[in-house]
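Heads up, the thing below is written out as structure tokens.
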Protein chains: 2
Amino acid sequence: MALSQEQYRESGLKLTPQRMAILAYLEGNILHPSAEDVFRAVRRRFPTMSFATVYNTLEMLKKRGKVVELTGDPDKKRFDPNIRPHHHLICTGCRKIVDLKTEFNLTLKAADQAGFQIMGNHIEFTGLCPDCQRKR
Amino acid sequence: MALSQEQYRESGLKLTPQRMAILAYLEGNILHPSAEDVFRAVRRRFPTMSFATVYNTLEMLKKRGKVVELTGDPDKKRFDPNIRPHHHLICTGCRKIVDLKTEFNLTLKAADQAGFQIMGNHIEFTGLCPDCQRKR
DNA sequence: TATCACATTAGAATTGTTCTTGTCAAGATA
DNA sequence: TATCTTGACAAGAACAATTCTAATGTGATA
Ligand SMILES: [Mn+2]
Ligand SMILES: [Mn+2]
Ligand SMILES: [Zn+2]
Ligand SMILES: [Zn+2]
């Protein structure tokens, strides 16, 4: 996320304890947690935390570009505090999502773009993670 | 889908009128419809068709590899009767999904695979479709 | 202090998807 | 033909994920 509390406050947002807890959980988190994951983790310290607050906060962070929403998991939204463009490995067994450092140079000929104005790209490599390989 | 009614029957399935309607709608469809899209289209000819039947049929087709489920739309599942591996253009404005003919040779060094057994890959190019460009 | 702008909470509402149950029809079997 | 078996169907309930709403709280500012 590369977002210090100071930067956060400077961007005109209030830094509440609940938000701090959500930020702290997200900061450097490489597990691509779902909203539920965030909720479960943060609730430990804030038992009154509402699920809606988590969604609201994630939505707000997404709008401000502090978090990216991933689509690789068909069951729930997953969030990535690492906003630098990068690709992912996705386990079709347990839905684990792992960052990929490899970069690819993907360019499309204008003729192939169907008139789209391309803004970015994302590669999902699918397969079985070590854990799931063992289980089969 | 490349799935004739004959092949379908041969694979041990009953070919009911409802299923035929769903198949007919999917056959050659390049719009990557959601379950709801399928339901709305098929309901015109079968007003008593249940949403659950659409889900059941799509699920069954997915299990048999006759249809692929896409994850690019965060709001709903989208289905692709074109099961040949290919990539997509996705409009972030209207969620339109367009097939990409371009092929890419994507290989990962073993060191980058985090122990995953890679089964496939899928690229999503995101951007704005011509319609949505005009609207902004 | 009074006021404002947001955040927060809790729960309701909505949406998307899956499950359950009773019913039915086609094909197989006797 | 009569019966059996299998699986599809319809309808709605149930469930899960997400969004919305309304009431309340809190910090910043005038
Ligand atoms: Mn990531
Ligand atoms: Mn496609
Ligand atoms: Zn796994
Ligand atoms: Zn568009």
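Keep in mind that what you see is a predicted model, and the values were worked out from it rather than measured. Note on naming: letters A, B, ... go to the chains in the order of the sequence lines (proteins, then strands), and numbering restarts at 1 for each one.
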Measure the distance from CZ on B:F51 to P on D:dA8 and round it to the nearest whole Å.
-> 20 Å
Distance in angstrom units between B:R19 CZ and C:dC24 C1', rounded | 15 Å
Report yes if a side-chain nitrogen or oxygen of A:S50 is closer than 4.0 Å to either non-bridging phosphate oxygen (OP1 or OP2) of C:dA10; otherwise report no.
-> no
Can you tell me the distance, in whole Å, between the CZ atom of A:R95 and the P atom of D:dA17?
-> 13 Å
Where is the tightest heavy-atom contact between B:P33 and B:L26, given as atom of each residue plus distance?
-> CG-CD2, 4.1 Å
Transitive ILVMFWY cluster of B:L31 at side-chain heavy atoms under 4.5 Å: who else is in it?
-> none
Look at the side chain of A:E36 and decide which nucleotide, out of C:dT9, D:dA17, D:dT19, has an atom nearest to it.
-> D:dA17
Ranking A:A35 and B:P47 by the position along DNA chain D of their nearest nucleotide, the one closer to 5' is B:P47
With B:R84 via salt bridge (Lys or Arg N to Asp or Glu O under 4.0 Å) - residues at least two apart | none
Nearest-angstrom distance from the residue atom CZ of A:R78 to P of D:dT18 | 11 Å
Indicate every side-chain donor-acceptor pair of residues 106-124 of chain A with a distance under 3.5 Å to a residue at least two apart or in another chain.
unit_1, atom_1, unit_2, atom_2, d
A:D112, OD2, B:T102, OG1, 2.9
A:Q113, NE2, A:L108, O, 3.0
A:H122, NE2, A:H88, ND1, 2.7

Give one of base, sugar-phosphate or nothing for B:T48, where a contact means two heavy atoms less than 4.0 Å apart.
-> sugar-phosphate
Short side-chain N/O contact to D:dC15 OP1/OP2 from A:K76, under 4.0 Å | no
Excluding sequence neighbours, so at least two apart, what forms side-chain contact (heavy atoms from CB on, under 4.5 Å) with B:P74?
-> A:E69, A:T71, A:K77, B:R95
Spacing of B:M60 atom CE relative to D:dA8 atom P, expressed in whole Å | 7 Å
Ignoring backbone atoms, establish whether B:K62 has a side-chain N or O less than 4.0 Å from OP1 or OP2 of C:dT17.
-> no
Is B:E59 touching bases, backbone alone, or none of the nucleic acid, heavy atoms closer than 4.0 Å?
-> nothing
Can I get a per-line list of side-chain donor-acceptor pairs under 3.5 Å for residues 37-52 of chain B, giving both atom names and the distance, sequence neighbours left out?
unit_1, atom_1, unit_2, atom_2, d
B:D37, OD2, B:S34, N, 2.9
B:D37, OD2, B:S34, OG, 3.1
B:R40, NH1, B:E36, OE2, 3.0
B:S50, OG, B:A52, N, 2.9

Would you say D:dA8 has OP1 or OP2 under 4.0 Å from some side-chain N or O of B:T16?
-> no
Nearest-nucleotide comparison on DNA chain D, the residue closer to the 5′ end among B:M49 and B:P74 | B:M49
Of all heavy-atom pairs linking A:V67 and A:I83, the shortest is N-CG2, 3.8 Å
Quick one: is D:dT19 close enough that its OP1 or OP2 comes under 4.0 Å of any side-chain N or O from A:Y55?
-> no
Rounded to whole angstroms, how far apart are CG on B:L61 and C1' on D:dA8?
-> 13 Å
May I ask you to check whether A:H32 and A:D73 show a side-chain donor-acceptor distance below 3.5 Å?
-> no
Nearest-angstrom distance from the residue atom CZ of B:R64 to C1' of D:dA8 | 12 Å
Shorter than 3.5 Å, N or O on both sides, protein versus nucleotides 20-22 of chain C: list them out with atom names.
none

Specify the separation, in whole Å, of atom CG of A:L58 and atom C1' of C:dT8.
-> 15 Å
